[in-house]
There are 2 protein chains.
Amino acid sequence: MEENETFECCDEVHDEVVEKVSSQMPPDEILYDLAELFKVFGDSTRVKIICALFESEMCVCDIAQVLGMNQSAISHQLRVLKQARLVKYRREGKTVYYSLADSHIQAIFNQGFEHITE
Amino acid sequence: MEENETFECCDEVHDEVVEKVSSQMPPDEILYDLAELFKVFGDSTRVKIICALFESEMCVCDIAQVLGMNQSAISHQLRVLKQARLVKYRREGKTVYYSLADSHIQAIFNQGFEHITE
DNA sequence: TGTTCATATGAATAATTGTTCATATGTATA
DNA sequence: TATACATATGAACAATTATTCATATGAACA
C-alpha cells in the first residue's frame with residue numbers, strides 16, 4: 001500500500017472537498033467503535049431485550065418468557081449487551097437480575113424511533 | 001405452536017413482572033424496524049460515509065477517495081443508506097451528489113459517541 | 001458433601017452481509 | 001449516433017453472527 005494512494009475511480013474528484021473532509025474525519029478507531037456499538041443495537045432480539053429492560057429489571061428466564069425464546073439464546077445476547085456496557089446485573093442467590101446500564105440507550109432509541117416513524 | 005406457550009426455562013418466573021413488561025412492549029414490527037435502522041449504522045464503512053457527509057455533500061468518487069475504497073463498494077453502501085432514508089441525493093450531469101437526509105442521524109451519533117467515550 | 005436449579009458457555013449450523021470483479025445504465029458531448 | 005465516463009447493479013466469495021443443543025458452572029440447601 002502506497003502513501004497517498006489514489007483509488008481508481010473517476011476523474012472528477014473534487015480535491016478541495018476531499019482534503020477538507022479527510023482532515024476533519026474522526027480517528028478510525030472511534031468510528032470503528034461507534035459501528036460496533038450500533039451493531040449491538042442492530043439485532044431484533046437485543047432490541048427486544050433492551051425494550052423489556054426499559055420497563056423493569058428482570059432475570060434471564062423472565063426475559064426469555066417475555067420474548068418467547070429459550071434461556072440459552074437470551075443468555076448469549078445478554079453477554080453481547082454486557083460486553084458493550086449496555087446492561088448491568090446483580091446476583092441474588094441463583095438468580096441474576098439484568099438492567100440497563102445508562103441513559104444514552106433510551107436517547108438513542110428515541111431518536112431511532114423518531115426516524116422510523118416520520 | 002400453542003397459545004400462551006411457556007418456554008422451558010426455570011421455575012422462578014416472576015409472573016407479575018413478565019405480564020406487566022409483556023403488555024408494555026411495542027409491536028414487534030416497530031422493534032424489527034428499529035433493529036433494521038441500527039443495523040445500517042452498524043458497519044464502519046457506512047459510519048465513515050455518514051461522518052464524511054456531516055462535513056459536506058459529496059459525489060460517489062469523492063467519498064471513495066476519502067475512505068480509500070473503490071467506487072463499487074461505496075455505491076453499494078450508499079444504496080443501503082438510501083433505502084434506510086438516511087441519505088438523499090441530487091444529480092448534476094453525470095455526477096450524483098449525496099447528503100444526509102435528516103438531523104436524527106447527528107443526534108444518534110452524538111449519543112453513541114457519548115456512550116463509547118465515557 | 002451431594003443434589004437441584006438458574007445461568008453461562010462451547011461447538012455446530014444456517015443465514016446474513018460486505019467487498020470485489022465484471023458489466024450495465026444513463027447522461028453529456030463530439 | 002457513437003464514445004466517454006460517473007454511477008449502479010448482479011453474481012460470487014469470504015467472513016460474521018444468531019440460534020440450538022448439550023453441557024459446564026456455581027449458588028443454595030438438604
Side-chain angles (χ1 to χ4, degrees), chain A residues 6-14 17-18 31-32 35-50 57-84 87-99, chain B residues 6-14 17-18 31-32 35-50 57-84 87-99:
Chain A
T6 58
F7 285 77
E8 90 292 345
C9 189
C10 62
D11 296 334
E12 272 297 308
V13 177
H14 306 82
V17 174
V18 168
L31 299 176
Y32 184 81
E36 287 302 301
L37 174 64
F38 289 128
K39 203 173 286 180
V40 175
F41 290 113
D43 172 80
S44 62
T45 297
R46 289 190 293 264
V47 164
K48 286 177 189 173
I49 293 175
I50 290 169
E57 74 165 9
M58 274 188 288
C59 72
V60 177
C61 66
D62 285 351
I63 299 172
Q65 277 303 315
V66 170
L67 300 210
M69 295 177 68
N70 70 41
Q71 176 270 324
S72 180
I74 301 301
S75 188
H76 278 297
Q77 297 301 354
L78 283 170
R79 178 154 64 139
V80 175
L81 292 167
K82 207 190 310 175
Q83 282 168 344
V87 300
K88 55 183 196 283
Y89 62 95
R90 67 181 177 86
R91 178 150 219 142
E92 200 174 300
K94 279 178 292 194
T95 309
V96 177
Y97 292 93
Y98 281 86
S99 57
Chain B
T6 58
F7 285 78
E8 90 292 344
C9 191
C10 61
D11 296 334
E12 272 297 309
V13 177
H14 306 82
V17 174
V18 168
L31 300 176
Y32 184 80
E36 287 302 301
L37 174 64
F38 289 128
K39 204 173 286 181
V40 177
F41 290 113
D43 172 78
S44 60
T45 297
R46 289 190 294 265
V47 164
K48 287 177 189 175
I49 292 175
I50 290 169
E57 74 164 9
M58 276 188 287
C59 72
V60 178
C61 66
D62 285 351
I63 299 173
Q65 276 303 314
V66 171
L67 300 211
M69 295 177 68
N70 70 42
Q71 176 271 324
S72 179
I74 301 300
S75 188
H76 278 296
Q77 297 302 354
L78 283 170
R79 177 154 65 139
V80 175
L81 291 166
K82 206 190 310 174
Q83 282 169 343
V87 300
K88 56 184 196 282
Y89 63 94
R90 67 182 177 86
R91 177 152 221 140
E92 199 174 300
K94 279 177 292 193
T95 309
V96 178
Y97 291 93
Y98 281 87
S99 58

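Just so we're clear, the structure is a prediction, and the values are computed from it rather than from any experiment. We name chains A, B, ... by the order of the sequence lines, and we start the count at 1 in each one.
Taking the nucleotide of DNA chain D with the nearest heavy atom to each of B/Val96 and A/Glu92, the more 5' of the two is matched to B/Val96. Mapped onto DNA chain D by nearest heavy atom, A/Lys94 and A/Ala73 fall at different nucleotides, with A/Ala73 at the one closer to the 5' end.
Of the listed nucleotides (C/dG18, D/dA22, C/dT7), C/dT7 has the atom at the smallest distance from the side chain of A/Thr95.
Counting distance only, with no hydrogens placed and no angle test, the side-chain atoms of B/Gln71 and the base atoms of D/dA6 include no donor-acceptor pair under 3.5 Å. Judged by atom type and distance alone, A/Ser72 does not reach the base of D/dT19 through any side-chain donor-acceptor pair under 3.5 Å. Not a single donor-acceptor contact under 3.5 angstrom links the side-chain atoms of A/His76 to the base of D/dT17. For a distance-only test at 3.5 Å, the side chain of A/Thr45 fails to qualify as a donor-acceptor partner of the base of D/dT19.
Looking at heavy-atom distances under 4.0 Å, A/Tyr98 makes contact with sugar-phosphate atoms alone, never a base.
Under the Watson-Crick or G-U wobble criterion, with both distances below 3.5 Å, D/dA30 is paired with C/dT1. Across all strands shown, C/dT20 forms a Watson-Crick or G-U wobble pair, both distances under 3.5 Å, with D/dA11. With both pairing distances under 3.5 Å, D/dC5 is matched to C/dG26 as a Watson-Crick or G-U wobble pair.
Taking the six-membered ring where the residue is Trp, A/Phe41 and B/Phe38 present tilted rings, their angle falling between 30° and 60°.
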